[in-house]
Student: 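There's a structure below that I have some questions on.
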Number of protein chains: 2
Amino acid sequence: MSRPQRRFEDWLREHGLRVTHARVVVLEHAFRNFRHFEINELVESLERHRAGVSRATVYRTLPHLVRAGLLRRHDVGIRQTFYEPEYGRKHHEHMVCVRCGKILEFVDDEIERLQEEICQRHRFEPLSHTLQIQGVCRRCQTTAAAPGGPDPPALRRLGADGP
Amino acid sequence: MSRPQRRFEDWLREHGLRVTHARVVVLEHAFRNFRHFEINELVESLERHRAGVSRATVYRTLPHLVRAGLLRRHDVGIRQTFYEPEYGRKHHEHMVCVRCGKILEFVDDEIERLQEEICQRHRFEPLSHTLQIQGVCRRCQTTAAAPGGPDPPALRRLGADGP
DNA sequence: ATTCGTGCAAACCATTTGCAACCAC
DNA sequence: GTGGTTGCAAATGGTTTGCACGAAT
């Protein structure tokens, strides 16, 4: 049994929830197949593998995994909400390319420290945070148009102009 | 004519778009009545004032205002997407209380600087960024339950546990 | 045996869109 | 005049939910 699975099962029991087949399968899939995923990608992966777990259950399970500290949830405008396995990974932030949608990760301890400082100053108790930089990745800067064609709806909605 | 309005009209013309009554009214309303607003709040405000601008037009206008640099758009999980007037305000970030939904602002030049440094290092061209800290505001820390009742759906979805 | 969890399909709700009338240029 | 804009209502699409059945304790 994998480490995250162990932790999830413990967390479920501690919270008076049941350790069900479906919940374990969702966890396994998320951790085995993805680094970043949108819900639909996970659902389709489960369907392809004939996992026998419904979309509804996925939607009901993900918040538990977030609360258990095993997944992190991210909301931007440019992509749909996405999740990423968090267990055992160093905390990091994201740069999202508005052209191709690629996600780059970065770490900065100093920024983390400054955030804590700010929270203390405001007596604000931090639970989580999101730092995302939207922009154009190195590769897309040298490309005239977007690889996926010009301006998908999400980009227009966000108001992301070309440079 | 207000400064932001001037700027919007110029921007529209520069982009070959028309300066219509509806567009101007949306801008005025957003700037006159709100510091932070969700789309529905703006729509309802327009309806109350019998502004005669439809919801569809609001949805079509907001992205223009973002592109014109007059509004900033924010996506979290805890609240619906919200916008805020940006013109003439110092750049700032947000702390969002997961209990009462209140939004606190803060500024930190050092964090801004570090972000630029990181982008340079990765040859990533930044267009905008989002830094949000989700947590419990000072007032809600001393309150047993949430002022608005316990755990609205959005909080559960996000996976926001109490402390 | 009891109670919680699941699948299914319908419901929801924010956002987008097709289209005919309208208005800025 | 005419092509971009708007309002309306219908469509869309991600997410939630009611309910009866199945599974974990």
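Each chain gets a letter, A, B and so on, in the order the sequences are listed, and its residues count up from 1. Computed over heavy atoms, backbone and side chain alike; hydrogens, waters and symmetry mates excluded. Computed from a predicted model, the values in this text were never measured in an experiment.
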Student: Find which nucleotide of DNA chain C each of B:Q80 and B:L17 is nearest to by heavy atoms, and output the residue with the more 5' nucleotide.
Tutor: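 Its nearest nucleotide lies further toward 5', so the answer is B:Q80.
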Student: With a cut-off of less than 4.0 Å, is there a side-chain N or O of A:R60 near OP1 or OP2 of C:dG5?
Tutor: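 The answer is no; no side-chain N or O of A:R60 sits under 4.0 Å from OP1 or OP2.
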Student: Quick check: on DNA chain C, is the nucleotide nearest A:S54 upstream (toward 5') of the one nearest B:R13, or the reverse? Name the residue that is more 5'.
Tutor: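 The 5'-side residue here is A:S54.
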Student: Does B:H92 form a side chain to side chain donor-acceptor pair (under 3.5 Å) with B:E84? I'd like the steps, not just the answer.
Tutor: CA-CA 11 Å; B:H92 59 268; B:E84 62 175 346; 3.1 Å; yes
Student: Could you check whether B:A56 gets within reach of a base, just the sugar-phosphate, or nothing at all, counting any heavy atom under 4.0 Å?
Tutor: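 Result for B:A56 = base.
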Student: Find the bend of the helix from C:dA1-D:dT25 to C:dC25-D:dG1 as the angle between its two terminal axes (five pairs each), to the nearest 10°.
Tutor: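 Both end axes considered, the difference amounts to 40°.
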Student: Looking at B:G101, is its backbone amide N or carbonyl O close enough to the side chain of B:R79 to form a donor-acceptor pair, meaning the two atoms are under 3.5 Å apart?
Tutor: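 Indeed, once roles are kept as given, a pair shorter than 3.5 Å links the two residues.
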Student: What's the closest nucleotide to the A:H21 side chain, out of D:dA24, C:dT15, D:dT5?
Tutor: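 Comparing D:dA24, C:dT15, D:dT5 against the side chain of A:H21, the answer is D:dA24.
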Student: Within a 6.0 Å radius of atom CZ on A:R6, are there more than 12 heavy atoms belonging to other residues, nucleotides or ligands?
Tutor: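 Open.
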Student: Just the rounded figure in Å: distance from P of C:dA24 to NE2 of B:H15.
Tutor: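 So the NE2-P distance, B:H15 to C:dA24, works out to 21 Å.
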Student: Round to a whole Å and report the spacing from CZ of A:F8 to P of C:dG5.
Tutor: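 Taking CZ of A:F8 and P of C:dG5, I get 11 Å after rounding.
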Student: Count the heavy atoms of every other residue, nucleotide or ligand shown that sit under 6.0 Å from CZ of A:R121, and state whether that count exceeds 12.
Tutor: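 More than 12 heavy atoms, drawn from other residues, nucleotides or ligands, come within 6.0 Å of this atom.
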Student: Phosphate oxygens OP1/OP2 of C:dA14: is one of them under 4.0 Å from a side-chain N or O of B:T81?
Tutor: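 Negative; the distance criterion is not met.
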Student: With a 4.0 Å limit, can you tell me whether A:Y59 has a side-chain N or O closer than that to the phosphate oxygens OP1/OP2 of D:dT15?
Tutor: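 For A:Y59, the contact criterion (side-chain N or O under 4.0 Å from OP1 or OP2 of D:dT15) is met.
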Student: Quick one: does B:R18 reach the base of C:dC25 with a side-chain donor-acceptor pair under 3.5 Å?
Tutor: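 Not at all, since no donor on one side and acceptor on the other fall under 3.5 Å apart.
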Student: C:dC4 P sits how many Å from A:L12 CG, rounded?
Tutor: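 My rounded result for the distance is 15 Å.
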Student: Below 30° counts as parallel, above 60° as perpendicular, anything between as tilted: where do the rings of B:F82 and B:H74 land?
Tutor: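 Plane angle under 30°, so parallel.
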Student: Can you tell me if CZ on A:R89 sees more than 12 non-hydrogen neighbours from other groups inside 6.0 Å?
Tutor: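 Counting other residues, nucleotides and ligands, CZ of A:R89 exceeds 12 neighbours.
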